[in-house]
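Have a look at the structure below before the remarks.
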Amino acid sequence: MIITVTLNPALDKTARLERLRPNTLNRLENVIVDAGGKGLNVSSVIQALGGRSIAIGFAGGSPGDELLDRIGRGGLEHDFVRISNPTRTNLKLIAADGSLTELNEPGPLVSGAELKLFEEKLLFYAAEDSIFVLSGSLPRGLGSDTYLVFCRLLHDRNAKIFLDTDGEAFRLAMEGSPHYIKPNRYELFQYFGIDDGESFGEAGLLCLCRRLLAGGPELVCLSLGKAGALFAHTEGVFRAPALNVKTGSTVGAGDAMTGALAWGIEHNFPQERCYALAMAAAAGAVSTEGTKAPDRILVEKLLEQVRLEKLGQR
Ligand SMILES: Nc1ncnc2c1ncn2[C@@H]1O[C@H](COP(=O)(O)OP(=O)(O)OP(=O)(O)O)[C@@H](O)[C@H]1O
Ligand SMILES: [Mg+2]
């Protein structure tokens, strides 16, 4: 079973308007509400591929009720810890010229008692055949070492851990030996404290991936946006150029990749099949609007386009 963790979900409201004008009343049109959060995106992709997952996290107040209602109506299984502070609502404003303005709330403060309840839930689902996807930012009130603590709890139960986060939470969680990680270029450089990453070619990136591998994970999937991805596994390294698709929205492409990898790993698919699925799901996510998951037919069609090149043993 795959369990996705979304600690700081949001009700995402996307509205259209002619032009955003400051210091005056702006009237919004076509307000669309979605359940937002990286773990939820991962769950949606797994669902689209025909798989099952349970989404867990924190939800509070009436935005939290609406969030869970929407997740449920979307057919995703979920089991969130209810918290006293309200789930955040994020507003995305799209003007007629396509420009996007985002107004994001900081998210609820989570108490120590609520975190404890969450950890109990984590342990309830943790088993040898479970894969936990820890992705996205942490809400206020939780320390940067939260994912590290989770990793240690999950290791005690022999569960597998897939980490996809950034900054200090990523740096600290690496000490908890996650099995699979999916940094993007920015997150990789941030991890190694590299400021001038733009000058890094493939050899330099591979060197950093190998340094990460040496720290313990089985798989480092380095996503490189429209430049594709590198898959560094303890058994071999692959390069995949991005697929040529018409761009709808690149938001959530990395989550699609994480979801497809977790699903492939759960099914014990061979490495190359997992990577091909990841590339096709990511391209599918890019070609759909917003964070909408690509459907399975599209992913299967895109699989034909995937080219993987083996770069040699570690
Ligand atoms: N413009 C693009 N065209 C084709 N494929 C793309 C494009 N952008 C991203 N991809 C595919 O999606 C994968 C993941 O993208 P990216 O590296 O941007 O992830 P990310 O930064 O983690 O995204 P997010 O966190 O928003 O989900 C890439 O490895 C690539 O295969
Ligand atoms: Mg990402």
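Counting convention: from 1, in listed order, for ligands and their atoms alike.
- Atom 27 (O) of ligand 1 has its closest protein heavy atom at G254 N, 2.8 Å.
- Interface atoms of ligand 1 facing N184, defined by a heavy-atom separation under 4.0 Å, are 20 (P), 21 (O), 22 (O).
- By the 30° and 60° cut-offs, the orientation of the rings of Y147 relative to F150 is perpendicular.
- Separation of atoms CD1 (I131) and CG (L154) is listed at 12.0 Å; rounding is to 0.5 Å.
- No more than 12 heavy-atom neighbours from other residues, nucleotides or ligands sit within 6.0 angstrom of CD on E18.
- Residues H155 and L153 form no side-chain contact, since every pair of their non-hydrogen atoms from C-beta on lies 4.5 Å or further apart.
- Atoms of ligand 1 found under 4.0 Å from any heavy atom of M257, numbered from 1 in the order shown, are 13 (C), 14 (C), 29 (O).
- Protein heavy atom at the shortest distance from atom 18 (O) of ligand 1 is G225 CA, 3.7 Å.
- Between A283 and ligand 1, no pair of N/O atoms sits closer than 3.5 Å.
- The distance criterion of under 3.5 Å between nitrogen or oxygen atoms is met by G228 with respect to ligand 1.
- Between V286 and ligand 1, not a single N/O pair is under 3.5 Å apart.
- The contact set between ligand 1 and A282, taken as ligand atoms under 4.0 Å from a residue heavy atom, comprises 11 (C), 12 (O), 13 (C).
- The protein heavy-atom contact nearest to atom 16 (P) of ligand 1 is S223 OG, 3.6 Å.
- Between Y275 and F231, the two ring planes are parallel [angle under 30°; tilted spans 30° to 60°].
- Less than 4.0 angstrom separates some heavy atom of L243 from each of these atoms of ligand 1: 4 (C).
- The shortest distance between side-chain heavy atoms of L25 and R27 falls below 4.5 Å.
- Taking 4.5 Å as the limit, every side-chain heavy atom of Q47 sits out of range of all side-chain heavy atoms of S43.
- The closest approach between any non-hydrogen atom of K182 and ligand 1 is below 4.0 Å.
- Among protein heavy atoms, the minimum distance from atom 26 (O) of ligand 1 is reached at G252 N, 3.2 Å.
- More than 12 heavy atoms of other residues, nucleotides or ligands shown are found within 6.0 angstrom of NZ on K121.
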Next item on the list: Dump the intermediate steps for side chain to side chain contact (heavy atoms under 4.5 Å, CB included) on N26 and R21, then the final yes or no.
Entry: CA-CA 7 Å; N26 288 271; R21 290 174 302 170; 3.9 Å; yes
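- In this structure, L261 and Y180 have side chains that are not in contact, with every pair of non-hydrogen atoms separated by 4.5 Å or more.
- Interface of A229 with ligand 1, defined as ligand atoms under 4.0 Å from a residue heavy atom, comprises 29 (O).
- A continuous path of Ile, Leu, Val, Met, Phe, Trp and Tyr side chains, each step under 4.5 Å between heavy atoms, connects F200 with F192, placing both in one hydrophobic cluster.
- Looking only at heavy atoms of the protein, atom 31 (O) of ligand 1 is closest to M279 CE, 3.2 Å.
- In the vicinity of D255, heavy-atom distances shorter than 4.0 Å reach the ligand 1 atoms 27 (O).
- Listed by number with element, the atoms of ligand 1 under 4.0 angstrom from any heavy atom of L224 are 17 (O), 29 (O).
- Using a 4.5 Å cut-off on side-chain heavy atoms (C-beta onward), E66 and T87 make no contact.
- Here the protein heavy atom with the shortest distance to atom 15 (O) of ligand 1 is A253 CB, 3.7 Å.
- Residue A242 approaches ligand 1 through these ligand atoms, each under 4.0 Å from one of its heavy atoms: 4 (C), 5 (N).
- Judged by the shortest distance from any of its heavy atoms, K38 lies inside the 4.0 Å radius around the atoms of ligand 1.
- Of all protein heavy atoms, the one closest to atom 2 (C) of ligand 1 is K226 CB, 3.6 Å.
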